[in-house]
J.: 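The structure is given below, and queries will be raised subsequently.
Reckoned from all heavy atoms, side chains included, excluding hydrogens, waters and symmetry mates.
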Amino acid sequence: MDIGLHFNQRAAKYNTSSNWVKDKLLIEKIFDLAEPTKESVVLDVATGTGKIAEVFSGKVNKLIGIDISQPMIDKGKILYNELVISSAEEMPFYDNTFDVIVCRQGLQFMDLDKVIPEIYRVLKPGGRTVLCHLVAYSDEDKKEAFNIQKLRNPARKNFFMPNTIPDVLQKYNFKDVVNYDYISKESVNQWIYHGAIGQHNINQIKEAYQNGSENFKNIHQVKFLKDDITDDMLFGITRGTKKQYEEV
């Protein structure tokens, strides 16, 4: 599926499509790890409807969002100093532009070997990136978790383990790479009715939970309620710093 079309279809329901979308604790964690100042120039990659931008808006010198979906960014456009419709794999920014770059739930739709070097390129020396993405817990749950993720997002390119983003940051010369876990308890009904998949995929997701292994259900603390299913989904929040000029 085309990524732009996928998110154009999701725009209307995006802000209510998951608990993590509006999770204040998660958003504040990203902000705190980014350590912005009033002088910071900040880029929000795959900015979507602007939920991450809300915490930066008014607290930094300049806030720029980049996304490929016009209907998505139309939801939060008042928050930004500038909005750019573009792929993050080839960003239309000069080298060494940003003090902080953040991205939540966007890299799974991109080529990591293109977007991570781009993030490094447009960061200022000493600048920080904070990247937050859904991950499998371990090898024990990844097959079932990734199957469900693919059914929900047919446009997805990547499936992440806890070490995926930290490893790729180190591969592309980021230093001081640290990773944090964050668990979000999600309603499966809320998570699947996002407007961009058909009933066949929805039914398959529900069947995957119903027929899932006991190991998967235990790891994800899956609960079957009267009209819903809950899943403790794991997010990795990774911070890395671009080297100073003298370190390169």
J.: So, Q149 versus N153: side-chain donor-acceptor pair below 3.5 Å or not?
T.: no
J.: Using only atom types and a distance under 3.5 Å, with no angle test, would you say the side chain of Q204 pairs donor to acceptor with the backbone of L151?
T.: no
J.: Would you say the side-chain atoms of D99 pair up with the backbone N or O of R128, donor to acceptor, closer than 3.5 Å?
T.: no
J.: For S17 and Q190, test the side chains for any donor-to-acceptor distance below 3.5 angstrom and give the result as yes or no.
T.: no
J.: Report the C-alpha distance between L112 and L107 in whole Å, list the side-chain angles of each, state the deciding distance to 0.1 Å, and finish with yes or no for side-chain contact (heavy atoms from CB on, under 4.5 Å).
T.: CA-CA 7 Å; L112 293 183; L107 299 185; 3.9 Å; yes
J.: Kindly compute the distance separating CG (L43) from OG1 (T129), expressed to the nearest 0.5 Å.
T.: 8.5 Å
J.: Answer yes if I183 and M161 sit in the same cluster of Ile, Leu, Val, Met, Phe, Trp and Tyr residues linked by side chain heavy atoms under 4.5 Å apart, and no otherwise.
T.: no
J.: Assess whether side-chain contact (heavy atoms from CB on, under 4.5 Å) is satisfied between N179 and D181, documenting all intermediate values.
T.: CA-CA 7 Å; N179 196 64; D181 291 341; 4.0 Å; yes
J.: Write down the atom of S86, the atom of I66, and the distance for their closest heavy-atom approach.
T.: O-CG1, 3.5 Å
J.: For the CG atom on L225, are there more than 12 heavy atoms of other groups (residues, nucleotides or ligands in this structure) within a distance under 6.0 Å?
T.: yes
J.: Do D141 and N215 come close enough that some side-chain heavy atom pair is under 4.5 Å?
T.: no
J.: Contact between D44 and C103 at the side-chain level, heavy atoms closer than 4.5 Å - yes or no?
T.: no
J.: For N147 and R152, test the side chains for any donor-to-acceptor distance below 3.5 angstrom and give the result as yes or no.
T.: no
J.: Any donor and acceptor pair, going by atom type alone, linking the side chain of R121 with main-chain N or O of F93 inside 3.5 Å?
T.: yes
J.: Taking the ring of F146 and the ring of F159, is the distance between their centroids below 6.0 Å?
T.: yes
J.: Going by atom types only, do D167 and N163 share a side-chain donor-acceptor pair under 3.5 Å?
T.: yes
J.: Carefully, step by step, assess E186 and T230 under the rule side-chain hydrogen bond (donor to acceptor under 3.5 Å, both in side chains).
T.: CA-CA 5 Å; E186 295 293 332; T230 61; over 6 Å; no
J.: Count the heavy atoms of every other residue, nucleotide or ligand shown that sit under 6.0 Å from NZ of K124, and state whether that count exceeds 12.
T.: yes
J.: Do K62's NZ or CZ and the ring of F98 fall within the cation-pi criteria of under 6.0 Å and 45°?
T.: no
J.: Is the closest side-chain heavy-atom distance between L131 and L169 below 4.5 Å?
T.: yes
J.: For the rings on Y209 and H220, is their centre-to-centre separation under 6.0 Å?
T.: no
J.: How long is the gap from OG1 on T238 to CZ on F160, to the nearest 0.5 Å?
T.: 9.5 Å
J.: Taking atom NZ as the centre, does K22 end up with more than 12 heavy-atom neighbours from other residues, nucleotides or ligands that are less than 6.0 angstrom away?
T.: no
J.: Yes or no on ring pair (Phe, Tyr, Trp, His ring centres under 6.0 Å) for F7 and F109, after CA distance, side-chain angles and deciding distance?
T.: CA-CA 11 Å; F7 282 101; F109 301 100; 4.9 Å; yes
J.: Do other residues, nucleotides or ligands put more than 12 heavy atoms under 6.0 Å from the NZ atom of K59?
T.: yes
J.: Treat each ILVMFWY residue as a node, draw an edge where side-chain heavy atoms are under 4.5 Å apart, and state whether W191 and Y182 are in one component.
T.: yes
J.: Strictly distance-based, threshold 3.5 Å: is any side-chain N or O of S57 a donor or acceptor partner for the main-chain N or O of E54?
T.: no
J.: When rounded to the nearest 0.5 angstrom, what is the spacing between CE in M91 and CD1 in I64?
T.: 11.0 Å
J.: Examine distances only and state if a side-chain atom of D67 and a backbone atom of I73 form a donor-acceptor pair shorter than 3.5 Å.
T.: no
J.: What are the two closest non-hydrogen atoms of L234 and A136, and how far apart are they?
T.: CD2-O, 4.0 Å
J.: Closer than 3.5 angstrom, by distance alone: can the side chain of E35 be matched with the main-chain N or O of D32 as a donor-acceptor pair?
T.: no
J.: Please check if the side chain of T241 supplies one atom and the backbone of D176 the other of a donor-acceptor pair under 3.5 Å.
T.: no
J.: Looking only at the side chains, is there a donor atom on one of E39 and N61 sitting less than 3.5 Å from an acceptor on the other?
T.: no
J.: When you measure from the side chain of Q105 to the backbone N and O of L134, does any donor-acceptor pair fall under 3.5 Å?
T.: yes
J.: Ignoring hydrogens and geometry beyond distance, is a side-chain donor-acceptor pair present between N15 and T49 at under 3.5 Å?
T.: yes
J.: Does the side chain of Y193 come within less than 4.5 Å of I202's, by heavy atoms?
T.: yes
J.: Quick one: closest heavy-atom pair of M110 and A46, and the distance?
T.: CE-CB, 4.0 Å
J.: Given the rule in the side-chain contact (heavy atoms from CB on, under 4.5 Å) test, do V102 and F56 qualify, once you have shown the distances and angles that lead to the verdict?
T.: CA-CA 10 Å; V102 295; F56 287 92; 3.9 Å; yes
J.: Side-chain contact test, heavy atoms from C-beta onward, threshold under 4.5 Å: evaluate it for H133 versus N158 and give yes or no.
T.: no
J.: Would you mind reporting whether K157 and I3 have side-chain heavy atoms less than 4.5 Å apart?
T.: yes
J.: Would you say H6 and P154 make side-chain contact, with heavy atoms under 4.5 Å?
T.: yes
J.: Does K242 qualify as a cation-pi partner of Y120, given the criterion of NZ or CZ under 6.0 Å from the six-membered ring centre and within 45 degrees of its axis?
T.: yes
J.: Can N8 and S69 be counted as having a side-chain donor-acceptor contact under 3.5 angstrom?
T.: yes
J.: Evaluate side-chain contact (heavy atoms from CB on, under 4.5 Å) for I116 paired with K171, printing each intermediate quantity in order.
T.: CA-CA 9 Å; I116 299 302; K171 175 182 176 181; over 6 Å; no
J.: Verify whether one side chain among S187 and D228 offers a donor that lies under 3.5 Å from an acceptor in the other.
T.: yes
J.: Indicate the atoms forming the closest heavy-atom contact of I119 with I101, along with that distance.
T.: O-CD1, 3.6 Å
J.: When you measure from the side chain of D232 to the backbone N and O of S184, does any donor-acceptor pair fall under 3.5 Å?
T.: no
J.: Can you give me the closest heavy-atom contact between V45 and A88, atom names plus distance?
T.: CG1-CB, 3.6 Å
J.: Surrounding CD of E82 (heavy atoms of other residues, nucleotides or ligands, distance under 6.0 Å), is the total greater than 12?
T.: yes
J.: Nearest 0.5 Å, what's the CD-CG distance between E144 and N211?
T.: 10.0 Å
J.: Establish, from distance only, whether the side-chain atoms of N203 and E207 form a donor-acceptor pair under 3.5 Å.
T.: no
J.: Should I229 and N189 count as side-chain neighbours, where that means a heavy-atom distance under 4.5 Å?
T.: no
J.: Rounded at 0.5 Å granularity, tell me how far CZ in R10 sits from NE2 in H194.
T.: 4.5 Å
J.: Identify the heavy atoms of I30 and I237 that sit nearest to each other, and give their distance.
T.: CG1-CG2, 4.4 Å
J.: Is it true that a side-chain atom of T47 and a backbone atom of G50 form a donor plus acceptor pair closer than 3.5 Å?
T.: no
J.: Shared ILVMFWY cluster between Y94 and V122, side chains joined below 4.5 angstrom?
T.: no
J.: Report the distance from atom CD1 of I52 to atom CD of E28, rounding to the nearest 0.5 Å.
T.: 10.5 Å
